[in-house]
Visitor: 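After the structure tokens below, expect a handful of questions from me.
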2 protein chains.
Amino acid sequence: MVTIKNIAEMAKVSRTTVSRVLNNSGYVSEDVRKRVEKVIEETGYIPSHYAKSLRTKKTKIVGVILPTIQTETSSRIVTGIGKEISQHGYEILLANTNLNQEKEIEYLELLKERRVDGIILIATNTEPALVEKIKEMNIPLVMIGQEANGIMSVTFDDYHAARELTRTFIKKGHEDIAFIGVDETDRAVGYRRKKGFLDEMAAHEINVNEEWIQKAIFDIDSGYDTMEKILSKTGAISKRSAPTAVIAVTDRLAIGAINYMKKQGIRIPEDVAIAGFGASEITRYLDPPLTTVDYHNEKAGEEAARQLFNRMQAQTQEGTEKVVLNYRLVLRKSL
Amino acid sequence: MVTIKNIAEMAKVSRTTVSRVLNNSGYVSEDVRKRVEKVIEETGYIPSHYAKSLRTKKTKIVGVILPTIQTETSSRIVTGIGKEISQHGYEILLANTNLNQEKEIEYLELLKERRVDGIILIATNTEPALVEKIKEMNIPLVMIGQEANGIMSVTFDDYHAARELTRTFIKKGHEDIAFIGVDETDRAVGYRRKKGFLDEMAAHEINVNEEWIQKAIFDIDSGYDTMEKILSKTGAISKRSAPTAVIAVTDRLAIGAINYMKKQGIRIPEDVAIAGFGASEITRYLDPPLTTVDYHNEKAGEEAARQLFNRMQAQTQEGTEKVVLNYRLVLRKSL
DNA sequence: TTTTAATGTGGAATCGATTCCACATAGCTT
DNA sequence: AAGCTATGTGGAATCGATTCCACATTAAAA
């Protein structure tokens with residue numbers, strides 16, 4: 001591999017001068033510049049970025065830790081991050097935990113070893129061990145999707161989205177609303193969306209049937225199973241024996257639920273209305289099209305990258321910006 | 001940031017010795033090892049990977065160039081690559097072209113600048129300029145999804161998959177089959193899948209209606225529009241005025257086509273049978289579930305990584321392994 | 001007891017860039 | 001003519017690791 005030294009010798013100048021033409025800095029006469037450029041051209045020389053990093057202490061790499069890339073949310077966020085950082089000559093080093101929570105901490109260390117200039121963490125939890133680790137890392141880091149004390153974050157307004165969505169159901173006359181949630185260790189998806197739902201119901205003084213509030217895991221089949229479970233609970237509390245509406249905390253859960261209901265001959269939205277969260281592409285094309293909440297994931301990625309750059313440039317590491325992105329209700333025929 | 005020099009001083013040994021305990025190489029007495037480890041522990045020292053790279057000439061990074069990460073195909077492949085390479089202590093540097101073909105070449109240079117040990121290219125085309133560039137790069141590279149002379153590749157057996165799928169339609173009694181393809185500069189998806197279809201039709205001596213062979217772009221709406229176009233061509237050649245079956249080269253195109261047909265009151269599969277390619281998750285849950293071709297994308301990513309490692313270890317850069325992965329027909333109710 | 005081998009440690013060069021200085025030359029001001 | 005300033009170039013240190021080699025010491029073999 002040809003190095004700056006080779007170029008210097010071939011062009012009969014010093015490495016200093018080659019570096020100058022490379023970086024367009026300092027004084028270089030037109031003659032010399034031409035000569036050096038010619039040699040670079042001929043040899044196809046490409047300077048080593050990490051040798052440069054060693055000197056400049058900047059890798060121009062942002063580490064991205066994510067639970068899986070196989071969801072639209074993640075891939076949109078990554079796209080957003082990529083768009084923003086590539087404008088600054090940065091690249092993404094990918095750290096995919098494949099839903100293995102312990103790996104989050106492992107990858108933090110690994111990214112430190114790689115000396116990334118900053119980290120964006122698409123978070124699924126806010127376990128104390130993780131939060132602790134982040135704080136002692138001393139590398140600019142922005143968390144997406146979850147928030148924690150003393151950590152910069154870009155989050156979605158899950159609480160208000162859930163409230164507004166619930167309100168919309170209520171306005172359409174629904175009172176017997178079932179809820180398919182997920183584990184509350186996921187503060188954003190599990191806890192806040194549920195709290196939004198419950199608070200809005202309470203604000204309208206509507207009793208909720210506890211048996212219709214179920215917990216699923218993050219996949220379509222689980223939505224199917226959970227819907228079956230809900231419909232098996234004949235309404236001991238409610239006057240009706242079945243809900244007239246269902247809110248699922250993700251689109252996939254909603255899709256699973258719809259599938260179960262269709263199989264049972266339940267019509268949507270005539271018999272049961274339903275909505276999800278996430279605005280995944282397919283929701284537009286379902287039959288009926290699914291009402292959902294769009295979180296502008298790509299923007300979230302961009303915004304996180306912007307926040308990260310702010311922090312990276314800041315002399316101080318103090319202060320923790322937290323931005324909460326707004327959402328958009330996408331009302332479709334399923335409601 | 002604490003360096004190996006600091007550790008050496010604090011532990012009152014040389015950098016050489018610290019390096020030895022770090023890499024578990026050479027002789028180090030138990031006393032000294034303990035002392036050094038203690039200092040490392042106390043300071044939280046993490047060696048700089050790129051300083052190491054400078055010396056060892058190995059970055060332990062694989063660059064992945066892809067057209068978009070927002071398809072299941074890409075994200076599955078990336079997952080597969082990640083699984084395989086992380087076992088060897090490698091990481092992924094992501095280069096997302098966002099469907100901008102020119103950026104493929106740009107990114108090749110950028111990855112060279114980053115001195116990645118190898119590159120995996122999820123390819124959409126085999127333009128001469130690209131192929132040329134790859135060859136002059138002199139970095140181990142494996143292409144996924146497309147193949148070209150002199151370049152290592154992992155491809156899907158698009159041709160035979162298309163033939164077998166077509167055969168299945170024919171066996172079910174279909175002769176008037178429409179085909180929704182894409183541009184043939186995409187050799188794999190555009191050209192081979194179409195050729196497989198045509199050859200199988202020819203093998204059964206079935207005439208194809210040229211007007212029912214249409215070209216779309218890669219999204220759901222395009223599938224919708226193209227289906228509309230096909231159905232607007234009343235059969236001047238065929239004895240029927242409409243096809244009894246449709247093969248779409250991607251699941252998304254199939255979904256779009258289904259949506260159009262449903263809107264027209266066409267029943268699937270009673271009036272028109274349909275199939276796609278890709279086995280995207282949602283196809284299982286569509287109504288009716290969609291017949292499709294599963295290409296084991298994650299395995300493809302793993303295999304590409306394995307091929308890449310073989311090449312990276314090989315002393316020679318000669319020979320170009322090409323592996324063709326097999327496929328699996330997923331027969332569902334839409335056919 | 002002398003050789004030889006195994007064990008243990010450090011000095012210094014090296015990887016490929018950047019950057020601080022020192023120094024040289026030329027053209028302008030006073 | 002002397003002093004400045006702008007321009008142009010290179011030497012050498014530096015970034016943080018690895019690794020070759022030299023050199024001790026100790027233990028085992030002859």
Side-chain angles (χ1 to χ4, degrees), chain A residues 1-37 39-40 43-61 89 109-117 138-139, chain B residues 1-37 39-40 43-61 89 109-117 138-139:
Chain A
M1 183 114 291
V2 32
T3 72
I4 197 172
K5 193 167 162 238
N6 305 141
I7 303 295
E9 285 162 3
M10 294 172 75
K12 304 204 193 311
V13 295
S14 70
R15 281 130 83 209
T16 309
T17 302
V18 177
S19 177
R20 284 201 190 93
V21 348
L22 246 27
N23 297 289
N24 236 292
S25 64
Y27 297 112
V28 182
S29 67
E30 206 46 36
D31 292 12
V32 171
R33 149 161 283 117
K34 285 267 184 291
R35 217 163 68 221
V36 172
E37 278 168 349
V39 175
I40 289 176
T43 54
Y45 165 67
I46 297 182
S48 160
H49 199 288
Y50 63 82
K52 177 172 182 165
S53 292
L54 183 59
R55 191 64 230 254
T56 61
K57 308 261 196 188
K58 292 250 141 282
T59 50
K60 295 213 152 201
I61 289 182
E109 281 180 354
L110 198 141
L111 293 177
K112 183 156 192 177
E113 191 172 342
R114 297 283 189 177
R115 297 291 191 271
V116 297
D117 293 342
N138 205 29
I139 295 184
Chain B
M1 183 113 292
V2 31
T3 73
I4 196 172
K5 194 167 162 237
N6 305 141
I7 302 296
E9 284 162 2
M10 294 172 76
K12 301 199 195 316
V13 295
S14 70
R15 280 130 83 211
T16 309
T17 302
V18 177
S19 178
R20 284 200 190 96
V21 348
L22 246 29
N23 297 290
N24 237 294
S25 65
Y27 297 111
V28 182
S29 67
E30 205 46 35
D31 291 14
V32 171
R33 149 160 283 118
K34 286 267 183 294
R35 217 162 71 222
V36 172
E37 278 169 348
V39 175
I40 289 176
T43 55
Y45 165 67
I46 296 183
S48 160
H49 199 288
Y50 63 82
K52 176 171 182 165
S53 293
L54 182 58
R55 189 64 229 254
T56 62
K57 309 263 197 183
K58 293 249 140 282
T59 50
K60 294 211 151 202
I61 290 181
E109 281 180 353
L110 198 142
L111 292 178
K112 182 157 192 176
E113 193 171 341
R114 297 284 189 175
R115 297 292 193 270
V116 297
D117 293 341
N138 205 29
I139 295 184

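Any value given below was found using the heavy atoms of this structure, including those in side chains, with hydrogens, waters and symmetry copies removed. Chain A is the first sequence line, chain B the second, and so forth, proteins listed ahead of strands; every chain is numbered from 1.
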Visitor: Nearest-Å distance, CD1 (A/Ile46) to P (C/dG16)?
Guide: 15 Å
Visitor: Within the 4.0 Å heavy-atom criterion, would you say B/Val13 contacts the bases, only the backbone, or no part of the nucleic acid?
Guide: sugar-phosphate
Visitor: Quick one: which of D/dT9, C/dA6, C/dG11 gets closest to the side chain of B/Tyr27?
Guide: C/dA6
Visitor: Would you mind classifying the nucleic acid contact of A/Lys5 as base, sugar-phosphate or nothing, using non-hydrogen atoms under 4.0 angstrom?
Guide: nothing
Visitor: Is there a donor-acceptor contact under 3.5 Å from the side chain of B/Ser19 to the main chain of B/Arg15?
Guide: no
Visitor: Pair A/Arg33, A/Asn24 - check side chain to side chain contact (heavy atoms under 4.5 Å, CB included), show working.
Guide: CA-CA 10 Å; A/Arg33 149 161 283 117; A/Asn24 236 292; 3.8 Å; yes
Visitor: From the list D/dG16, D/dG10, C/dG16, which nucleotide is the closest neighbour of the side chain of A/Ala51?
Guide: C/dG16
Visitor: Starting from C1' on C/dC20, measure out to CZ on A/Arg15 and report it in whole angstrom.
Guide: 14 Å
Visitor: Is it true that a side-chain atom of B/Arg20 and a backbone atom of B/Gly26 form a donor plus acceptor pair closer than 3.5 Å?
Guide: no
Visitor: Measure from CD1 on B/Ile4 to P on C/dT9 and round the result to the nearest Å.
Guide: 15 Å
Visitor: Got a donor-acceptor pair under 3.5 Å from the side chain of B/Thr16 to the base of C/dG11?
Guide: yes
Visitor: Are any of B/Ser48's side-chain N or O atoms less than 4.0 Å away from OP1 or OP2 of D/dG16?
Guide: no
Visitor: How many Å lie between CG on B/Asn23 and C1' on D/dC20, as a whole number?
Guide: 15 Å
Visitor: Taking NE2 from B/His49 and C1' from D/dT18, how many angstroms apart are they, rounded to a whole number?
Guide: 13 Å
Visitor: To the nearest Å, give me how far apart NZ (A/Lys34) and P (D/dG8) are.
Guide: 13 Å
Visitor: So what is the end-to-end bend of the helix from C/dT1-D/dA30 to C/dT30-D/dA1, with 5 pairs used at each end and the value given to 10 degrees?
Guide: 50°
Visitor: Return yes if the base of C/dG10 and the side-chain atoms of B/Arg20 contain a donor-acceptor N/O pair under 3.5 Å, otherwise no.
Guide: yes
Visitor: Return whichever of B/Asp31 or B/Arg115 has its heavy-atom-nearest nucleotide of DNA chain C closer to the 5' end.
Guide: B/Asp31
Visitor: Assign A/Ser19 to base, sugar-phosphate, or nothing according to its heavy-atom contacts below 4.0 angstrom with the strands shown.
Guide: base
Visitor: Looking at A/Lys52, I'd like to know whether one of its side-chain N or O atoms comes within less than 4.0 Å of OP1 or OP2 on D/dC15.
Guide: no
Visitor: What is the separation between atom CZ on B/Arg55 and atom C1' on D/dA17, rounded to the nearest whole Å?
Guide: 9 Å
Visitor: Any side-chain N or O of B/Ser29 less than 4.0 Å from the OP1 or OP2 oxygen of C/dT9?
Guide: yes
Visitor: Can you find a side chain N or O atom of B/Tyr50 that sits less than 4.0 Å from OP1 or OP2 on D/dT18?
Guide: no
Visitor: Tell me: CG of A/Asn24 to C1' of D/dG8, nearest whole Å?
Guide: 15 Å
Visitor: Could you check B/Arg114 against B/Glu109 for side chain to side chain contact (heavy atoms under 4.5 Å, CB included), going step by step and ending with a plain yes or no?
Guide: CA-CA 9 Å; B/Arg114 297 284 189 175; B/Glu109 281 180 353; over 6 Å; no
Visitor: Quick check: does any side chain N or O of A/Thr59 sit under 3.5 Å from a backbone N or O of A/Arg115, one acting as donor and the other as acceptor?
Guide: yes
Visitor: Between OG of B/Ser48 and CG of A/Leu54, what distance do you get to the nearest 0.5 Å?
Guide: 6.5 Å
Visitor: Take A/Val13 and A/Val36 through the side chain to side chain contact (heavy atoms under 4.5 Å, CB included) test and state the conclusion after the steps.
Guide: CA-CA 8 Å; A/Val13 295; A/Val36 172; 4.0 Å; yes
Visitor: Taking only side-chain N and O atoms of B/Thr56, does any of them lie within less than 4.0 angstrom of OP1 or OP2 on D/dT18?
Guide: no
Visitor: Side chain of B/Asp117, backbone of B/Lys58: donor and acceptor closer than 3.5 Å?
Guide: no
Visitor: Hey, which sits more toward the 5' end of DNA chain C by its nearest nucleotide, B/Lys12 or B/Leu54?
Guide: B/Lys12
